[in-house]
A.B. asks: 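Before we start, here is the structure in question, set down as structure tokens.
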Amino acid sequence: GDSVTQTEGLVTLTKGLPVMLNCTYQTTYSPFLFWYVQHLNEAPKLLLKSSTDNKRTEHQGFYATLHKSSSSFHLQKSSVQLSDSALYFCALRAYQGGRALIFGTGTTVSVSP
Amino acid sequence: GPKVLQIPSHQIIDMGQMVTLNCDPVSNHLYFYWYKQILGQQMEFLVNFYNGKVMEKSKLFKDQFSVERPDGSYFTLKIQPTALEDSAVYFCASSLTDNNQAPLFGEGTRLSVL
């Protein structure tokens, strides 16, 4: 079945450093990928989305490129801020494979001063 | 901007009782979802709903679970009877379409089953 893999459970880093969160997926259908960010005790909020192969999408300093050849949609930021400390989920909608978003296990990012 | 509202934010009940979680989706949205999250872990899909019917449900959507949206009012998740393992945060989401639009999530209802 469809699945999403996020390899890092916890990423800790210092303010100003770059970050990359890994996301790979499996599906036999045409994929639509999403990144959601969830701050403590809040709702998950959409950060990025893409269904276009090899096209970079950006929002609020974060960016990601869907690579269908490697089934990846890694999230990156050049310089993290303290406010970026949160839980980040990668999610897959495999169009015509189902309408539900399938979430990865999430990566907690902890940014220190 | 538009918001998905969930009522109540926290509910405590005894095991075996019935509970109804309420969701007020964005007014023009047509697709509705419930997700379950335990202690800041993975968001797990339960069910989605469109045009008065369940479209998909996961293995987590046990027989004790049901959803409905009577007369366009709240989209509800009912659990009857509840079990200890139902303790979690339940998130409702809605979207206008089900292809390229990302669901908008509510802030969740924390359910504690004692």
Side-chain angles (χ1 to χ4, degrees), chain A residues 1-10 23 25 27 29-52 55 57 59 62 64 66 73 85-110, chain B residues 1-7 9-10 21 23-26 29-51 53-61 67 88-110:
Chain A
D2 301 333
S3 65
V4 176
T5 300
Q6 293 181 248
T7 51
E8 308 96 357
L10 173 65
C23 173
Y25 63 89
T27 181
Y29 298 98
S30 182
F32 208 116
L33 273 295
F34 304 80
W35 275 103
Y36 279 83
V37 57
Q38 184 181 27
H39 288 92
L40 194 61
N41 297 324
E42 293 185 9
K45 293 182 175 63
L46 178 68
L47 193 53
L48 295 171
K49 62 178 182 178
S50 179
S51 61
T52 306
K55 182 180 177 183
T57 181
H59 183 63
F62 288 91
L66 177 60
F73 190 57
S85 293
L87 181 55
Y88 292 80
F89 289 106
C90 183
L92 163 72
R93 173 180 281 145
Y95 190 51
Q96 293 186 329
R99 296 173 178 87
L101 283 189
I102 305 300
F103 283 80
T105 49
T107 298
T108 297
V109 172
S110 178
Chain B
K3 285 189 175 183
V4 174
L5 300 175
Q6 290 190 242
I7 305 158
S9 58
H10 193 182
L21 308 183
C23 172
D24 188 9
V26 177
H29 283 185
L30 301 175
Y31 295 84
F32 313 110
Y33 314 81
W34 282 104
Y35 282 81
K36 177 181 180 181
Q37 185 182 42
I38 295 177
L39 287 175
Q41 295 177 23
Q42 186 173 10
M43 295 282 289
E44 297 181 286
F45 169 71
L46 288 175
V47 64
N48 55 5
F49 192 84
Y50 168 73
N51 198 25
K53 297 176 188 172
V54 170
M55 295 193 302
E56 299 169 277
K57 55 185 180 180
S58 73
K59 290 181 292 186
L60 293 179
F61 194 77
V67 291
V89 180
Y90 290 84
F91 287 96
C92 174
S94 69
S95 63
L96 180 59
T97 67
D98 69 339
N99 45 25
N100 65 348
Q101 189 178 60
L104 183 67
F105 283 82
E107 302 222 333
T109 293
R110 182 177 299 276

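Atoms considered below: every heavy atom in the structure, side chains included; atoms not considered: hydrogens, waters and symmetry mates. Proteins come first, then strands; the chains are lettered A, B, ... in the order of their sequence lines, and each starts at number 1.
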A.B. asks: Restricting to non-hydrogen atoms, name the atom on B/Gln42 and the atom on A/Gly104 that form the minimum distance, rounded to 0.1 Å.
C.D. replies: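 For B/Gln42 and A/Gly104, the tightest heavy-atom pair comes out as CG-O, 3.2 Å.
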
A.B. asks: Go through the atoms of B/Gln37 and report whether side chain, backbone, both or neither lie under 4.5 Å from a heavy atom of chain A.
C.D. replies: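 Answer is side chain: those atoms of B/Gln37 sit under 4.5 Å from chain A.
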
A.B. asks: Taking all atoms of both residues into account, what is the closest heavy-atom pair of A/Asn41 and B/Arg110, and its distance?
C.D. replies: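 Taking A/Asn41 first and B/Arg110 second, the nearest heavy atoms are OD1-NH2, 3.7 Å.
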
A.B. asks: Considering only heavy atoms, which portion of B/Met55 lies under 4.5 Å from any heavy atom of chain A: side chain, backbone, both, or neither?
C.D. replies: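 Only the side chain of B/Met55 comes within 4.5 Å of chain A.
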
A.B. asks: Look only at the side chain of B/Tyr33 and the backbone of A/Leu101, and say whether a donor-acceptor pair between them is shorter than 3.5 Å.
C.D. replies: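 No.
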
A.B. asks: Given heavy-atom pairs under 4.5 angstrom as the criterion, report whether the side chain, backbone, both or neither of A/Thr105 touches chain B.
C.D. replies: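 Contact with chain B is through both the backbone and side chain of A/Thr105.
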
A.B. asks: Chain B heavy atoms under 4.5 Å from A/Leu46: which part of the residue, side chain, backbone, both or neither?
C.D. replies: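 Answer is side chain: those atoms of A/Leu46 sit under 4.5 Å from chain B.
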
A.B. asks: For B/Pro103 and A/Tyr36, which heavy atoms make the closest approach, and how far apart are they?
C.D. replies: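 The answer is O-OH, 2.7 Å.
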
A.B. asks: At their closest point, which heavy atom of A/Lys49 faces which heavy atom of B/Gln101, and how far apart are they?
C.D. replies: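 Result for this residue pair: NZ-CA, 4.1 Å.
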
A.B. asks: Please classify the contact of B/Tyr50 with chain A as side chain, backbone, both or neither, using a heavy-atom distance under 4.5 Å.
C.D. replies: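 Answer is neither: B/Tyr50 stays 4.5 Å or more from chain A.
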
A.B. asks: Check A/Ala43 against B/Phe91 and note the closest heavy-atom contact, atom names and distance.
C.D. replies: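 What the structure gives for the nearest pair is CA-CE2, 4.1 Å.
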
A.B. asks: Side chain, backbone, both or neither: which part of A/Gln38 has an atom under 4.5 Å from a heavy atom of chain B?
C.D. replies: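 A/Gln38 touches chain B through side-chain heavy atoms alone.
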
A.B. asks: For A/Lys45, is the NZ atom crowded, meaning more than 12 foreign heavy atoms sit under 6.0 Å from it?
C.D. replies: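 Yes, enclosed.
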
A.B. asks: Taking atom CG of B/Leu39 as the centre, report whether more than 12 heavy atoms of other residues, nucleotides or ligands fall under 6.0 Å from it.
C.D. replies: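 It does not: B/Leu39 CG has 12 such atoms or fewer within range.
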
A.B. asks: Under a 4.5 Å cutoff for heavy-atom pairs, which residue among B/Ser58, B/Gly106, B/Gly108 has the most contacts with chain A?
C.D. replies: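 Highest number of pairs under 4.5 Å: B/Gly106.
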
